[in-house]
Protein chains: 2
Amino acid sequence: MGKKSKLNDLACFQVYTLHHAFGRYYQAAFAESGLTYAKYIILKALATQSQMSLSELSQGVGVEPNTISPLAKKMATYGVIERVRDAEDERRIVLRLTEYGIQVLKAADEVVAENFADLGISDNDAKQAIALISRIRSAVEKAKPSRLNLPQAPPNVQDGLPD
Amino acid sequence: MGKKSKLNDLACFQVYTLHHAFGRYYQAAFAESGLTYAKYIILKALATQSQMSLSELSQGVGVEPNTISPLAKKMATYGVIERVRDAEDERRIVLRLTEYGIQVLKAADEVVAENFADLGISDNDAKQAIALISRIRSAVEKAKPSRLNLPQAPPNVQDGLPD
DNA sequence: TTGGATTATTTCGTATGCGAAGTTTTTGGT
DNA sequence: ACCAAAAACTTCGCATACGAAATAATCCAA
(Lines give C-alpha, C1' and ligand atoms only; values in the text may rest on other atoms or scores of the structure.)
Protein backbone atom coordinates (compact mmCIF):
# COMPACT_ATOMS: atom_id res chain seq x y z
CA MET A 1 0.00 0.00 0.00
CA GLY A 2 1.34 3.43 -0.89
CA LYS A 3 1.40 6.27 1.60
CA LYS A 4 -2.00 7.55 2.62
CA SER A 5 -3.20 11.08 2.15
CA LYS A 6 -6.71 12.12 3.09
CA LEU A 7 -6.41 15.06 0.74
CA ASN A 8 -5.56 12.66 -2.08
CA ASP A 9 -8.59 10.53 -1.21
CA LEU A 10 -10.70 13.67 -1.20
CA ALA A 11 -9.48 14.61 -4.67
CA CYS A 12 -9.80 11.20 -6.27
CA PHE A 13 -13.02 9.96 -4.81
CA GLN A 14 -15.08 12.94 -3.72
CA VAL A 15 -14.20 16.08 -5.64
CA TYR A 16 -13.75 14.28 -8.93
CA THR A 17 -17.05 12.47 -8.57
CA LEU A 18 -19.00 15.48 -7.36
CA HIS A 19 -17.68 17.59 -10.20
CA HIS A 20 -18.92 15.09 -12.77
CA ALA A 21 -22.24 14.67 -10.98
CA PHE A 22 -22.76 18.44 -11.23
CA GLY A 23 -21.62 18.33 -14.84
CA ARG A 24 -24.20 15.73 -15.77
CA TYR A 25 -26.92 17.72 -14.04
CA TYR A 26 -26.14 20.99 -15.82
CA GLN A 27 -25.71 19.23 -19.15
CA ALA A 28 -29.18 17.71 -18.82
CA ALA A 29 -30.75 20.92 -17.59
CA PHE A 30 -29.27 23.01 -20.40
CA ALA A 31 -29.72 20.42 -23.13
CA GLU A 32 -31.03 21.81 -26.42
CA SER A 33 -30.56 25.39 -25.25
CA GLY A 34 -27.01 25.78 -26.55
CA LEU A 35 -25.90 26.72 -23.04
CA THR A 36 -23.37 24.42 -21.34
CA TYR A 37 -21.94 24.09 -17.84
CA ALA A 38 -18.74 25.87 -18.82
CA LYS A 39 -20.54 28.70 -20.60
CA TYR A 40 -22.94 29.13 -17.69
CA ILE A 41 -20.03 29.48 -15.29
CA ILE A 42 -18.51 32.11 -17.56
CA LEU A 43 -21.76 34.03 -17.54
CA LYS A 44 -21.88 33.89 -13.74
CA ALA A 45 -18.28 35.04 -13.44
CA LEU A 46 -18.85 37.92 -15.84
CA ALA A 47 -21.88 38.96 -13.83
CA THR A 48 -19.67 39.78 -10.84
CA GLN A 49 -18.09 42.78 -12.58
CA SER A 50 -19.05 45.28 -15.21
CA GLN A 51 -16.30 43.99 -17.47
CA MET A 52 -13.22 41.76 -17.42
CA SER A 53 -10.26 40.96 -19.59
CA LEU A 54 -9.94 37.41 -20.85
CA SER A 55 -7.20 36.56 -18.37
CA GLU A 56 -9.07 38.12 -15.48
CA LEU A 57 -12.03 35.96 -16.43
CA SER A 58 -9.85 32.87 -16.60
CA GLN A 59 -8.60 33.67 -13.12
CA GLY A 60 -12.14 34.08 -11.87
CA VAL A 61 -13.29 30.84 -13.40
CA GLY A 62 -10.20 28.92 -12.34
CA VAL A 63 -9.05 27.59 -15.71
CA GLU A 64 -6.32 28.57 -18.12
CA PRO A 65 -6.81 31.43 -20.60
CA ASN A 66 -6.48 29.11 -23.59
CA THR A 67 -9.57 27.29 -22.37
CA ILE A 68 -11.61 30.47 -22.15
CA SER A 69 -10.47 31.92 -25.45
CA PRO A 70 -12.51 29.79 -27.88
CA LEU A 71 -15.51 29.73 -25.52
CA ALA A 72 -15.60 33.50 -25.34
CA LYS A 73 -15.45 33.67 -29.11
CA LYS A 74 -18.43 31.34 -29.47
CA MET A 75 -20.41 33.12 -26.76
CA ALA A 76 -19.89 36.42 -28.54
CA THR A 77 -21.38 34.98 -31.73
CA TYR A 78 -24.33 33.73 -29.65
CA GLY A 79 -24.81 37.30 -28.50
CA VAL A 80 -24.56 36.65 -24.76
CA ILE A 81 -21.32 38.58 -24.34
CA GLU A 82 -19.59 41.49 -25.98
CA ARG A 83 -15.96 40.92 -26.94
CA VAL A 84 -13.78 43.80 -28.01
CA ARG A 85 -10.14 44.84 -27.97
CA ASP A 86 -9.09 47.14 -25.19
CA ALA A 87 -8.25 50.51 -26.77
CA GLU A 88 -5.76 51.19 -23.97
CA ASP A 89 -3.86 47.98 -24.61
CA GLU A 90 -4.49 46.27 -27.91
CA ARG A 91 -3.30 42.94 -26.56
CA ARG A 92 -6.26 42.71 -24.22
CA ILE A 93 -9.72 41.43 -24.96
CA VAL A 94 -12.45 43.02 -22.90
CA LEU A 95 -15.52 40.92 -22.13
CA ARG A 96 -18.89 42.08 -20.89
CA LEU A 97 -22.36 40.55 -20.56
CA THR A 98 -24.88 41.78 -23.09
CA GLU A 99 -28.47 42.56 -22.16
CA TYR A 100 -29.40 39.22 -23.72
CA GLY A 101 -26.67 37.47 -21.74
CA ILE A 102 -28.11 38.88 -18.54
CA GLN A 103 -31.52 37.49 -19.49
CA VAL A 104 -30.08 34.07 -20.32
CA LEU A 105 -28.20 33.97 -17.04
CA LYS A 106 -31.32 34.93 -15.13
CA ALA A 107 -33.38 32.22 -16.80
CA ALA A 108 -30.71 29.60 -16.11
CA ASP A 109 -30.32 30.69 -12.49
CA GLU A 110 -34.04 30.29 -11.96
CA VAL A 111 -34.13 26.76 -13.30
CA VAL A 112 -31.11 25.61 -11.33
CA ALA A 113 -32.23 27.23 -8.08
CA GLU A 114 -35.57 25.52 -8.44
CA ASN A 115 -34.05 22.11 -9.18
CA PHE A 116 -31.63 22.42 -6.27
CA ALA A 117 -34.16 23.75 -3.78
CA ASP A 118 -35.37 20.60 -2.06
CA LEU A 119 -32.41 18.25 -2.12
CA GLY A 120 -31.78 18.32 1.62
CA ILE A 121 -28.69 20.50 1.37
CA SER A 122 -29.23 23.61 3.45
CA ASP A 123 -27.68 26.97 2.70
CA ASN A 124 -25.61 26.41 5.80
CA ASP A 125 -24.28 23.11 4.47
CA ALA A 126 -23.41 24.80 1.21
CA LYS A 127 -21.79 27.74 2.95
CA GLN A 128 -19.70 25.42 5.07
CA ALA A 129 -18.62 23.53 1.96
CA ILE A 130 -17.79 26.78 0.19
CA ALA A 131 -15.53 27.90 3.04
CA LEU A 132 -13.82 24.54 3.37
CA ILE A 133 -13.29 24.01 -0.35
CA SER A 134 -12.06 27.54 -0.79
CA ARG A 135 -9.37 26.89 1.78
CA ILE A 136 -8.45 23.57 0.21
CA ARG A 137 -8.15 25.10 -3.24
CA SER A 138 -5.70 27.74 -2.02
CA ALA A 139 -3.64 24.96 -0.48
CA VAL A 140 -3.69 22.72 -3.56
CA GLU A 141 -2.62 25.58 -5.78
CA LYS A 142 0.49 25.86 -3.62
CA ALA A 143 1.41 22.18 -4.06
CA LYS A 144 4.68 21.66 -5.89
CA PRO A 145 4.39 18.55 -8.08
CA SER A 146 7.48 16.37 -8.00
CA ARG A 147 7.98 14.13 -10.97
CA LEU A 148 6.70 10.58 -10.69
CA ASN A 149 9.18 7.90 -11.75
CA LEU A 150 7.48 4.70 -12.72
CA PRO A 151 8.95 1.28 -11.88
CA GLN A 152 10.28 -0.88 -14.70
CA ALA A 153 7.52 -2.04 -17.00
CA PRO A 154 6.99 -5.80 -17.08
CA PRO A 155 7.84 -8.01 -20.07
CA ASN A 156 4.84 -6.86 -22.06
CA VAL A 157 2.24 -9.42 -21.13
CA GLN A 158 -0.63 -8.04 -23.16
CA ASP A 159 -2.95 -10.45 -21.39
CA GLY A 160 -6.25 -9.37 -22.71
CA LEU A 161 -8.85 -9.09 -25.33
CA PRO A 162 -7.83 -8.47 -28.91
CA ASP A 163 -9.90 -5.32 -28.77
CA MET B 1 -30.73 38.87 -10.68
CA GLY B 2 -31.85 35.27 -10.96
CA LYS B 3 -32.84 33.22 -7.93
CA LYS B 4 -29.99 32.44 -5.57
CA SER B 5 -28.88 28.95 -4.64
CA LYS B 6 -25.88 28.37 -2.40
CA LEU B 7 -25.56 24.88 -3.83
CA ASN B 8 -25.37 26.38 -7.31
CA ASP B 9 -22.68 28.80 -6.15
CA LEU B 10 -20.81 25.88 -4.63
CA ALA B 11 -20.92 23.98 -7.91
CA CYS B 12 -19.99 26.84 -10.20
CA PHE B 13 -17.32 28.59 -8.19
CA GLN B 14 -15.84 26.11 -5.75
CA VAL B 15 -16.22 22.53 -6.90
CA TYR B 16 -15.53 23.34 -10.54
CA THR B 17 -12.44 25.32 -9.66
CA LEU B 18 -11.09 22.84 -7.12
CA HIS B 19 -11.54 19.98 -9.56
CA HIS B 20 -9.45 21.74 -12.17
CA ALA B 21 -6.83 22.77 -9.61
CA PHE B 22 -6.44 19.12 -8.63
CA GLY B 23 -6.38 18.17 -12.30
CA ARG B 24 -3.52 20.53 -13.05
CA TYR B 25 -1.58 19.23 -10.06
CA TYR B 26 -1.90 15.56 -11.04
CA GLN B 27 -1.18 16.31 -14.68
CA ALA B 28 2.07 18.01 -13.70
CA ALA B 29 3.03 15.33 -11.20
CA PHE B 30 2.42 12.50 -13.65
CA ALA B 31 3.82 14.25 -16.70
CA GLU B 32 6.03 12.09 -18.90
CA SER B 33 5.05 8.93 -17.00
CA GLY B 34 2.06 8.06 -19.19
CA LEU B 35 -0.13 8.07 -16.10
CA THR B 36 -2.95 10.62 -15.98
CA TYR B 37 -5.40 11.84 -13.35
CA ALA B 38 -8.20 9.69 -14.77
CA LYS B 39 -6.06 6.58 -15.03
CA TYR B 40 -4.73 7.08 -11.53
CA ILE B 41 -8.27 7.26 -10.17
CA ILE B 42 -9.11 4.05 -11.99
CA LEU B 43 -6.10 2.35 -10.41
CA LYS B 44 -7.19 3.54 -6.98
CA ALA B 45 -10.75 2.36 -7.51
CA LEU B 46 -9.59 -1.06 -8.71
CA ALA B 47 -7.39 -1.36 -5.64
CA THR B 48 -10.46 -1.42 -3.43
CA GLN B 49 -11.55 -4.86 -4.66
CA SER B 50 -9.90 -7.95 -6.08
CA GLN B 51 -11.75 -7.45 -9.35
CA MET B 52 -14.56 -5.43 -10.87
CA SER B 53 -16.67 -5.38 -14.00
CA LEU B 54 -16.41 -2.33 -16.21
CA SER B 55 -19.77 -0.98 -15.06
CA GLU B 56 -18.97 -1.59 -11.40
CA LEU B 57 -15.79 0.36 -11.94
CA SER B 58 -17.65 3.18 -13.63
CA GLN B 59 -19.98 3.31 -10.63
CA GLY B 60 -17.02 3.42 -8.28
CA VAL B 61 -15.32 6.17 -10.20
CA GLY B 62 -18.50 8.16 -10.75
CA VAL B 63 -18.44 8.47 -14.53
CA GLU B 64 -20.32 6.73 -17.33
CA PRO B 65 -19.18 3.34 -18.63
CA ASN B 66 -18.46 4.73 -22.07
CA THR B 67 -15.83 6.96 -20.49
CA ILE B 68 -14.11 4.04 -18.77
CA SER B 69 -14.22 1.70 -21.74
CA PRO B 70 -11.43 3.17 -23.89
CA LEU B 71 -9.33 4.02 -20.83
CA ALA B 72 -9.46 0.44 -19.59
CA LYS B 73 -8.42 -0.77 -23.01
CA LYS B 74 -5.40 1.52 -23.04
CA MET B 75 -4.44 0.64 -19.48
CA ALA B 76 -4.50 -3.04 -20.36
CA THR B 77 -2.03 -2.46 -23.17
CA TYR B 78 0.16 -0.54 -20.70
CA GLY B 79 0.10 -3.65 -18.53
CA VAL B 80 -1.28 -2.02 -15.39
CA ILE B 81 -4.57 -3.91 -15.48
CA GLU B 82 -5.83 -7.21 -16.73
CA ARG B 83 -8.94 -7.09 -18.90
CA VAL B 84 -10.79 -10.27 -19.78
CA ARG B 85 -14.29 -11.43 -20.63
CA ASP B 86 -16.29 -12.91 -17.79
CA ALA B 87 -16.72 -16.61 -18.56
CA GLU B 88 -19.98 -16.61 -16.63
CA ASP B 89 -21.44 -13.79 -18.69
CA GLU B 90 -19.73 -13.02 -21.95
CA ARG B 91 -21.15 -9.50 -22.00
CA ARG B 92 -19.07 -8.50 -19.02
CA ILE B 93 -15.49 -7.33 -18.92
CA VAL B 94 -13.63 -8.19 -15.75
CA LEU B 95 -10.89 -5.79 -14.66
CA ARG B 96 -8.12 -6.42 -12.16
CA LEU B 97 -4.87 -4.71 -11.18
CA THR B 98 -1.75 -6.48 -12.35
CA GLU B 99 1.32 -6.79 -10.17
CA TYR B 100 2.85 -3.97 -12.19
CA GLY B 101 -0.30 -1.89 -11.74
CA ILE B 102 0.00 -2.30 -7.99
CA GLN B 103 3.59 -1.05 -8.16
CA VAL B 104 2.65 1.93 -10.31
CA LEU B 105 -0.16 2.82 -7.94
CA LYS B 106 2.13 2.57 -4.95
CA ALA B 107 4.74 4.81 -6.56
CA ALA B 108 2.12 7.40 -7.49
CA ASP B 109 0.56 7.32 -4.03
CA GLU B 110 3.94 8.02 -2.48
CA VAL B 111 4.60 11.05 -4.63
CA VAL B 112 1.17 12.56 -4.11
CA ALA B 113 1.14 11.93 -0.37
CA GLU B 114 4.49 13.64 -0.10
CA ASN B 115 3.44 16.64 -2.20
CA PHE B 116 0.20 17.02 -0.23
CA ALA B 117 1.76 16.56 3.20
CA ASP B 118 2.49 20.11 4.27
CA LEU B 119 -0.18 22.22 2.63
CA GLY B 120 -1.95 23.15 5.84
CA ILE B 121 -4.91 20.84 5.25
CA SER B 122 -5.18 18.45 8.17
CA ASP B 123 -6.58 14.95 7.91
CA ASN B 124 -9.49 16.23 9.92
CA ASP B 125 -10.17 18.98 7.41
CA ALA B 126 -10.06 16.42 4.62
CA LYS B 127 -12.28 14.01 6.50
CA GLN B 128 -14.81 16.72 7.12
CA ALA B 129 -14.77 17.65 3.45
CA ILE B 130 -15.16 14.01 2.46
CA ALA B 131 -18.24 13.60 4.64
CA LEU B 132 -19.80 16.84 3.49
CA ILE B 133 -19.12 16.33 -0.19
CA SER B 134 -20.31 12.75 -0.03
CA ARG B 135 -23.63 13.96 1.28
CA ILE B 136 -23.86 16.67 -1.35
CA ARG B 137 -23.12 14.24 -4.15
CA SER B 138 -25.94 11.94 -3.10
CA ALA B 139 -28.25 14.93 -3.12
CA VAL B 140 -27.14 16.24 -6.50
CA GLU B 141 -27.58 12.83 -8.08
CA LYS B 142 -31.22 13.01 -7.04
CA ALA B 143 -31.80 16.38 -8.71
CA LYS B 144 -34.27 16.22 -11.56
CA PRO B 145 -33.18 18.63 -14.31
CA SER B 146 -36.02 20.61 -15.81
CA ARG B 147 -35.42 21.92 -19.29
CA LEU B 148 -34.18 25.46 -19.61
CA ASN B 149 -36.06 27.63 -22.07
CA LEU B 150 -34.00 30.53 -23.29
CA PRO B 151 -35.51 33.95 -23.89
CA GLN B 152 -35.80 35.23 -27.45
CA ALA B 153 -32.43 35.83 -28.98
CA PRO B 154 -31.76 39.47 -29.89
CA PRO B 155 -31.52 40.78 -33.47
CA ASN B 156 -28.09 39.26 -34.03
CA VAL B 157 -25.80 42.10 -33.09
CA GLN B 158 -22.48 40.35 -33.65
CA ASP B 159 -20.70 43.25 -32.01
CA GLY B 160 -17.23 41.92 -31.88
CA LEU B 161 -13.95 41.08 -33.36
CA PRO B 162 -13.80 39.45 -36.76
CA ASP B 163 -12.11 36.52 -35.10
C1' DT C 1 15.27 54.96 -29.48
C1' DT C 2 15.44 50.49 -30.12
C1' DG C 3 15.75 45.72 -29.85
C1' DG C 4 15.28 42.10 -26.49
C1' DA C 5 12.09 40.70 -22.56
C1' DT C 6 7.47 40.44 -21.02
C1' DT C 7 2.51 40.09 -21.37
C1' DA C 8 -2.00 38.78 -23.55
C1' DT C 9 -4.19 35.93 -26.51
C1' DT C 10 -4.57 32.30 -29.87
C1' DT C 11 -3.58 27.87 -32.07
C1' DC C 12 -2.38 23.02 -31.80
C1' DG C 13 -2.19 18.29 -30.28
C1' DT C 14 -3.74 15.18 -26.73
C1' DA C 15 -6.89 13.38 -23.09
C1' DT C 16 -11.13 13.17 -20.94
C1' DG C 17 -16.37 13.02 -20.41
C1' DC C 18 -21.15 12.83 -22.01
C1' DG C 19 -25.47 11.23 -24.49
C1' DA C 20 -27.06 8.63 -28.30
C1' DA C 21 -26.90 4.82 -31.08
C1' DG C 22 -25.12 0.22 -32.32
C1' DT C 23 -23.55 -4.74 -31.22
C1' DT C 24 -23.49 -8.93 -28.64
C1' DT C 25 -25.18 -11.82 -25.00
C1' DT C 26 -28.62 -13.10 -21.59
C1' DT C 27 -33.24 -13.26 -19.76
C1' DG C 28 -38.03 -14.16 -19.56
C1' DG C 29 -42.59 -14.86 -20.85
C1' DT C 30 -45.43 -18.07 -23.40
C1' DA D 1 -37.50 -23.91 -27.34
C1' DC D 2 -38.25 -19.02 -29.31
C1' DC D 3 -37.99 -14.32 -29.83
C1' DA D 4 -38.63 -9.68 -27.90
C1' DA D 5 -36.71 -6.96 -24.13
C1' DA D 6 -33.02 -6.00 -21.19
C1' DA D 7 -28.20 -5.59 -20.02
C1' DA D 8 -23.14 -4.73 -20.85
C1' DC D 9 -19.98 -2.75 -23.74
C1' DT D 10 -18.38 -0.10 -27.60
C1' DT D 11 -18.37 3.52 -31.05
C1' DC D 12 -19.31 8.19 -32.48
C1' DG D 13 -19.71 13.16 -32.46
C1' DC D 14 -19.26 17.04 -29.65
C1' DA D 15 -17.49 20.05 -25.82
C1' DT D 16 -14.15 21.02 -22.56
C1' DA D 17 -9.29 21.39 -20.44
C1' DC D 18 -4.34 21.45 -20.45
C1' DG D 19 0.65 22.50 -21.74
C1' DA D 20 3.51 24.04 -25.41
C1' DA D 21 4.41 26.93 -29.02
C1' DA D 22 3.22 30.82 -32.03
C1' DT D 23 1.76 35.71 -32.61
C1' DA D 24 1.10 40.43 -31.51
C1' DA D 25 1.54 44.45 -28.57
C1' DT D 26 4.03 46.76 -24.67
C1' DC D 27 7.76 47.67 -21.79
C1' DC D 28 12.33 48.80 -20.57
C1' DA D 29 17.10 49.16 -20.03
C1' DA D 30 21.40 50.56 -22.17
Side-chain angles (χ1 to χ4, degrees), chain A residues 16-42 52-59 61-76 78 83-95 145 160-163, chain B residues 16-42 52-59 61-76 78 83-95 145 160-163:
Chain A
Y16 180 90
T17 301
L18 179 57
H19 170 74
H20 290 301
F22 273 129
R24 286 189 297 271
Y25 163 77
Y26 288 102
Q27 185 170 342
F30 298 159
E32 316 283 322
S33 75
L35 191 59
T36 63
Y37 188 17
K39 296 193 185 83
Y40 174 56
I41 289 174
I42 288 175
M52 253 182 266
S53 75
L54 191 141
S55 44
E56 286 168 343
L57 177 60
S58 85
Q59 281 284 316
V61 170
V63 297
E64 297 298 315
N66 60 356
T67 296
I68 300 291
S69 177
L71 288 175
K73 212 176 280 187
K74 246 180 284 180
M75 291 171 75
Y78 291 165
R83 173 177 169 275
V84 293
R85 290 271 167 202
D86 185 344
E88 303 292 306
D89 182 342
E90 291 284 341
R91 291 173 304 181
R92 289 169 179 268
I93 297 278
V94 176
L95 304 170
L161 305 179
D163 194 76
Chain B
Y16 181 90
T17 300
L18 178 57
H19 170 75
H20 290 301
F22 273 128
R24 286 188 298 270
Y25 163 77
Y26 289 102
Q27 185 170 344
F30 299 158
E32 313 284 323
S33 75
L35 191 60
T36 62
Y37 188 17
K39 296 193 186 80
Y40 174 56
I41 289 175
I42 288 175
M52 250 182 268
S53 74
L54 192 142
S55 45
E56 286 167 344
L57 177 60
S58 86
Q59 281 285 314
V61 171
V63 297
E64 297 298 314
N66 61 355
T67 295
I68 301 291
S69 177
L71 288 175
K73 211 176 283 187
K74 246 180 285 182
M75 291 172 75
Y78 291 165
R83 173 175 170 276
V84 294
R85 289 270 167 204
D86 185 344
E88 303 292 305
D89 183 340
E90 292 285 343
R91 289 172 304 181
R92 287 169 180 265
I93 297 276
V94 176
L95 303 169
L161 306 178
D163 196 76

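Since the structure is predicted, the reported quantities are computational estimates derived from the model, not experimental observations. Order of the sequence lines sets the chain letters (A, B, ...), proteins ahead of strands, with each chain counted from 1.
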remark   = Protein heavy-atom contacts under 4.0 Å, written 5' to 3' over nucleotides 17-28 of chain D as B (base), S (sugar-phosphate only) or - (none), form the string SBBB----BS--
remark   = Applying salt bridge (Lys or Arg N to Asp or Glu O under 4.0 Å) to A/Lys74 and not counting sequence neighbours gives none
inquiry  = Less than 4.0 angstrom between a side-chain N/O of A/Arg83 and OP1 or OP2 of C/dT10, yes or no?
reply    = yes
inquiry  = In whole Å, I'd like the distance from the CD1 atom of B/Ile93 to the P atom of C/dT24.
reply    = 14 Å
key: For the student: nearest non-hydrogen atoms of A/Val61 and B/Thr17, plus distance   = O-OG1, 3.2 Å
message = Under the rule for salt bridge (Lys or Arg N to Asp or Glu O under 4.0 Å), what residues qualify as partners of B/Glu90, not counting sequence neighbours?
response = none
C/dT16 phosphate, OP1 or OP2, under 4.0 Å from B/Lys39 side-chain N/O = yes
ask   = B/Arg92 side chain N/O closer than 4.0 Å to the phosphate oxygens (OP1, OP2) of D/dT10?
value = no
ask   = Between A/Thr36 and D/dT16, is there a side-chain N or O to OP1/OP2 distance below 4.0 Å?
value = yes
ask   = Is any side-chain N or O of A/Ser55 closer than 4.0 Å to OP1 or OP2 of C/dT9?
value = yes
A/Glu56 atom CD, neighbour heavy-atom count above 12 within 6.0 Å = yes
request  = Report the distance from atom CZ of A/Phe30 to atom P of D/dT16, rounded to the nearest whole Å.
outcome  = 12 Å
ask   = Please give, in whole Å, the distance from D/dC9 C1' to B/Leu57 CG?
value = 13 Å
message = How many whole angstroms separate atom CD1 of A/Ile42 from atom P of D/dT16?
response = 8 Å
message = How many whole angstroms separate atom CD of B/Glu56 from atom P of D/dA8?
response = 9 Å
ask   = Is there a donor-acceptor pair under 3.5 Å between the side chain of A/Ser58 and the backbone N or O of A/Thr67?
value = no
message = Based on the rotation axes of five pairs at each end, what angle does the helix from C/dT1-D/dA30 to C/dT30-D/dA1 bend through, to 10°?
response = 10°
key: ring pair (Phe, Tyr, Trp, His ring centres under 6.0 Å) partners for B/Tyr16, two or more places apart   = A/His19, A/Tyr37, B/His20
request  = Apply side-chain contact (heavy atoms from CB on, under 4.5 Å) to A/Leu71 and list each qualifying residue two or more places apart in sequence or on a separate chain.
outcome  = A/Ala38, A/Lys39, A/Ile42
query = How long is the line joining CG of A/Leu35 and P of D/dT16, in whole Å?
reply = 9 Å
ask   = Counting only N and O atoms by type, is there a donor-acceptor contact under 3.5 Å from the side chain of A/Arg85 to the main-chain atoms of A/Arg91?
value = yes
task = Between A/Pro70 and B/Lys74, just flag the one whose closest nucleotide in DNA chain C comes earlier from the 5' side.
result = A/Pro70
task = State which of D/dA8, C/dT9, D/dT11 makes the closest approach to the side chain of B/Lys73.
result = D/dT11
task = Verify side chain to side chain contact (heavy atoms under 4.5 Å, CB included) between A/Arg83 and A/Met75, making sure each step is shown before the conclusion.
result = CA-CA 9 Å; A/Arg83 173 177 169 275; A/Met75 291 171 75; over 6 Å; no
